[in-house]
2 protein chains.
Amino acid sequence: MSGMPRASPRSLPPPEDHAARFTQQREADRSAIAEDYVELIADLLQEEGEARAVDIARRMGVAQATVAATVARLQRDGLVETKPYRGLFLTPAGQAVASAARARHELVVRFLLAVGLDPETAEADAEGLEHHASEKALAAFARFLAKHEADPK
Amino acid sequence: MSGMPRASPRSLPPPEDHAARFTQQREADRSAIAEDYVELIADLLQEEGEARAVDIARRMGVAQATVAATVARLQRDGLVETKPYRGLFLTPAGQAVASAARARHELVVRFLLAVGLDPETAEADAEGLEHHASEKALAAFARFLAKHEADPK
DNA sequence: ACTATAATTTAGCAGACACTAAGTTTTGGA
DNA sequence: TCCAAAACTTAGTGTCTGCTAAATTATAGT
Ligand SMILES: [Mn+2]
Ligand SMILES: [Mn+2]
Ligand SMILES: [Mn+2]
Ligand SMILES: [Mn+2]
């Protein structure tokens, strides 16, 4: 006989290695919100001259109270400062996180575009994907872009 | 004059569109755990013949109590069934989620490998990336693989 | 100057996911 | 058959991220 569906060689990794992957993923999830807020604050400061909590709320699609609570955590963690009724600002640490986040975001978007995604989807997907691409993955994306931009197609 | 640093064209999208991206991301995050559990249960059933809560805990890197609570939610959502001291099983709905998750997982891994990532990093990153790639992105990955596999380099 | 409006904060609540520490229950080997 | 070990459940906590509703507070237009 032969037709037995061997069901793809899905051999499971050693439990510890397997767990490490999920642990890494949980860590990425934890920092994702901080990165997005800080990146958005940097963008607003640059584009609008100020980053108001209302605008963060509108652009993040959450209630103002949610922004207040999240910003309090960012402040506690030394990433953000607030001047009442004058908007949000980034600490040096916050600026560092913001520029790293922005660089990653832009790299991921460029990569997705290079692979054939339309601009809007590239932006939308990048918002999530950026938090889960390791340094190695980002390096691979960059290599691909370099090669691709040199010799398209 | 001219030398004014235009500071990269970071033009912000319309607030509503911007919010939609984050909302989409939050939705993906919410389903990620369910997908990972169900995918793992399917794998264990296939590879080991049974999917015990202890093994899920070990492989997910969490406490048994956490698995119990999460499985309760999956059960509530109609994805999983449990036979006490006999392990976990998937409902038809759960099996559907599992095979979709598996297909996506494998596609993402193959794609990352094709882009030059080493196997271990590809697997690790895929665990997070898979939950944030839209259908369009997956289609683009598949196209890339088809082309790449036909004419490598 | 006043005051309506907008921005922000506070309070109270809820659900998802983690954890530790204690029970229970089942199983399987002696 | 018995019982210790393994598996599973329950109880009690804590944090994060959301929400609504109800204050506050500041700004800006008249
Ligand atoms: Mn993001
Ligand atoms: Mn981003
Ligand atoms: Mn995953
Ligand atoms: Mn997976």
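Lettering of chains follows the sequences in order, A, B, ..., and the numbering in each one begins at 1. The analysis underlying the following values was restricted to heavy atoms, covering all of them including side chains, and did not include hydrogens, waters or symmetry mates.
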*salt_bridge(B/D125, A/R21) N-O dist < 4.0 Å*: no
_Salt bridge or not between A/R58 and A/D55? Use side-chain N to carboxylate O under 4.0 Å._
yes
Just to be sure I understand the rule, does [X] reach a base, reach only the sugar-phosphate, or reach nothing, if contact means heavy atoms closer than 4.0 Å?
X: A/A63; value: base
X: B/A65; value: base
X: B/T66; value: base
X: A/R73; value: base

[atom1] of [X] versus [atom2] of [N]: gap in Å, rounded?
X: B/Q64; N: D/dA6; atom1: CD; atom2: C1'; result: 9 Å
X: A/K83; N: D/dA26; atom1: NZ; atom2: P; result: 15 Å
X: A/E27; N: D/dT15; atom1: CD; atom2: C1'; result: 16 Å
X: B/I33; N: D/dC16; atom1: CD1; atom2: P; result: 16 Å
X: B/R58; N: D/dC8; atom1: CZ; atom2: P; result: 10 Å
X: B/E48; N: D/dA7; atom1: CD; atom2: P; result: 13 Å

*Would you call the rings of B/F144 and A/F144 parallel, tilted or perpendicular if under 30° counts as parallel and over 60° as perpendicular?*
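Correct class here is perpendicular.
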*Do B/H132 and B/Q24 meet the criterion of a side-chain donor-acceptor pair at a distance under 3.5 Å?*
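No, because no side-chain N or O of B/H132 sits under 3.5 Å from a partner of the opposite role on B/Q24.
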*With distance as the sole criterion, is a donor-acceptor pair present between the side chains of A/S99 and A/R102 under 3.5 Å?*
no
*Let me know, please, whether B/R76 or B/G61 comes out on the 5' side of the other along DNA chain C by nearest nucleotide.*
B/R76
*Check whether any side-chain heavy atom of B/V54 sits under 4.5 Å from a side-chain heavy atom of B/Q64, and report yes or no.*
yes
_5′-ward residue of the pair A/Y85/A/D77 relative to DNA chain D_ = A/D77
*Return yes if some donor-acceptor pair links the side-chain N/O of A/T91 with the main-chain N/O of A/G78 below 3.5 Å, else return no.*
yes
*Identify the 5'-most and 3'-most nucleotides of DNA chain C with at least one atom closer than 4.0 Å to a non-hydrogen atom of chain A.*
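So the contact region on DNA chain C extends C/dA7 to C/dA18.
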